[in-house]
Amino acid sequence: MSEGEFGRIALIGIGLIGSSIAHAARRAKLATHIAGYSRSAESRAAAERLGFCDSIHADMASCAKDADIVVLCLPVGMLGPATEAVAPALKPGAILTDVGSVKMAVIRDAGPHVPDGVHFIPGHPIAGTENSGPESGFATLYDNRWCILTPPPGTDEAAIARLTAFWTGLGSKVEVMDPKHHDLVLGITSHVPHLIAYNIVGTAADLENVTQSEVIKFSAGGFRDFTRIAASDPTMWRDVFLNNREAVLEILQRFNEDLTALQRAIRWGDGDALFNLFTRTRAIRRSIIEAGQESAEPNFGRDHKA
Ligand code: NAP
């Protein structure tokens, strides 16, 4: 990969995901210029202070102008309007991509605004933390993490190869997937687990006969691991559930059936059913560690004194 190989990069949105792209692109010297857009003066000031962009813009079109790769790093509900806003500024041959956690809705909302001659390749890095904003980004976020691309049928193969090389340069491994399948896979691996975390933390907060201070004091029993996920950005996750409705509802249907079976096993004292499930789930965790997608350290590597 030669220095500045990807030319001018425009990041429409410089929160956790956008600023991490900037840091990782800087680290690997992928771009000749990194332009960043943010709507708020606070985020623009933070980006200025942290210095991860070469130019900072208050409007999307000026950020996207002359860019070779434009990456939309906004909440899913904003991807359609943002595409409409940048469309007149996009140069022929540019790649327009995004990082949204839902892919069918992006194709539905952004696709119609993409001008002829621009390569539209939706994407989704499977990497993140519960933090948001320009201060939360870091260069290693995408290292050894998957990035899924969902190019519409007929997309130029050279453009797909170029975007693949870009994400590889940021540290990722890349897989191409059908967008509907993406939404189902991420529904089970990410969206429904977040919903469960939001729900259980909400339930604990609403319990009448267990106090808030008891919930916090004894949280190491498992609850605190749900609170990390349930601290994720409310705007982002509202948009995920509004835009991946079908897949999430389909998975929840199955989830409810399986939960009912577990309730029954507990009610009837069916220890074998419980033991067999818990044995199977333990094996899944082992395979995630073996695949390098999680640390094997006990207690997620937390300091036991803490
Ligand atoms: P974030 O840290 O909250 O950043 C969001 C960015 O969008 C900020 O630049 C914010 O600008 C801007 N923004 C929000 N609402 C806007 C609006 N109505 N108009 C214009 N700009 C707006 O979020 P993020 O974690 O980077 O997420 C960005 C995208 O990445 C989302 O689509 C999410 O689904 C996807 N994603 C997230 C993760 C994750 O774990 N966080 C992982 C993979 C993909 P201001 O700061 O100026 O308000």
Side-chain angles (χ1 to χ4, degrees), residues 10-24 34-50 52-53 56-64 70-86 97-107 109-110 122-138 140-143 145-150 167 170-172 174-175 179 182-183 185-187 189-191 193-195 197-198 228-244 247-248 293:
L11 301 170
I12 309 296
I14 43 172
L16 168 71
I17 296 295
S19 65
S20 295
I21 293 177
H23 286 295
I34 300 174
Y37 154 87
S38 205
R39 63 172 172 172
S40 72
E42 293 94 308
S43 292
R44 292 196 299 276
E48 184 100 57
R49 188 164 26 81
L50 295 166
F52 54 73
C53 287
I56 298 162
H57 304 255
D59 81 290
M60 297 186 193
S62 76
C63 180
V70 176
V71 193
L72 306 176
C73 308
L74 303 173
V76 170
M78 274 305 294
L79 297 173
T83 305
E84 195 173 5
V86 298
T97 185
D98 75 296
V99 295
S101 306
V102 182
K103 299 283 41 102
M104 287 297 277
V106 174
I107 292 170
D109 298 345
H124 179 201
I126 314 300
T129 73
E130 66 279 22
N131 301 319
S132 40
E135 268 140 1
S136 59
F138 52 100
T140 54
L141 179 63
Y142 304 112
D143 286 354
R145 296 283 169 248
W146 286 102
C147 178
I148 298 175
L149 301 181
T150 63
W167 275 105
L170 295 176
S172 286
V174 176
E175 183 147 320
H182 165 279
D183 288 358
V185 172
L186 270 293
T189 57
S190 169
H191 306 169
H194 274 78
L195 198 70
Y198 282 124
R228 183 187 66 73
I229 299 177
S232 300
D233 187 65
T235 307
M236 167 184 159
W237 284 96
R238 176 202 63 197
D239 282 12
V240 166
F241 292 112
L242 292 179
N243 287 281
N244 197 18
V248 166
Q293 296 298 304

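In listed order, ligands and their atoms are each counted from 1.
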How close does the nearest protein non-hydrogen atom get to [atom], and which residue and atom is it?
atom                    : value
atom 19 (N) of ligand 1 : Met78 CE, 3.4 Å
atom 29 (C) of ligand 1 : Leu74 O, 3.5 Å
atom 48 (O) of ligand 1 : Arg39 NE, 2.9 Å

Ligand 1 and [X], any nitrogen or oxygen pair closer than 3.5 angstrom?
X      : answer
Ile17  : yes
Ile14  : yes
Ser38  : yes
Ser136 : no
Ser101 : yes

Quick one: which ligand 1 atoms are inside 4.0 Å of a heavy atom on [X]?
X      : result
Cys73  : 6 (C), 7 (O), 28 (C)
Val99  : 29 (C), 30 (O), 35 (C), 36 (N), 44 (C)
Ser43  : 45 (P), 46 (O), 47 (O)
Gly133 : 1 (P), 2 (O)
Val76  : 32 (O)
Gly100 : 32 (O)
Gly13  : 9 (O)
Ser132 : 1 (P), 2 (O), 3 (O)

Exercise. Should Asp98 and Lys103 count as an ion pair when the cut-off is N to O under 4.0 Å?
Worked result: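 Answer for the salt bridge query: yes.
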For this session: Side-chain contact test, heavy atoms from C-beta onward, threshold under 4.5 Å: evaluate it for Ile12 versus Val71 and give yes or no.
Result: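 No, too far: nothing below the 4.5 Å cut-off.
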Exercise. Do other residues, nucleotides or ligands put more than 12 heavy atoms under 6.0 Å from the CD atom of Gln293?
Worked result: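 More than 12 within 6.0 Å, yes.
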Problem set entry | Sequence-distant partners of His57, ring-ring contact (aromatic ring centres under 6.0 Å, His included), two or more places apart |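 For His57 there are no ring-ring contact (aromatic ring centres under 6.0 Å, His included) partners, ignoring immediate neighbours.
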Problem set entry | Passing option when His182 is tested against Leu149, Thr150, Asn244 for side-chain contact (heavy atoms from CB on, under 4.5 Å) |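 Testing His182 for a side-chain contact (heavy atoms from CB on, under 4.5 Å) against Leu149, Thr150, Asn244 leaves exactly one candidate, Thr150.
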Exercise. Where does the angle between the aromatic ring planes of His191 and Phe241 fall among parallel (under 30°), tilted (30 to 60°) and perpendicular (over 60°)?
Worked result: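 The arrangement is perpendicular - the two ring planes meet at more than 60°.
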Problem set entry | With Asn243 via side-chain hydrogen bond (donor to acceptor under 3.5 Å, both in side chains) - residues at least two apart |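 side-chain hydrogen bond (donor to acceptor under 3.5 Å, both in side chains) list for Asn243, sorted by chain: Arg108.
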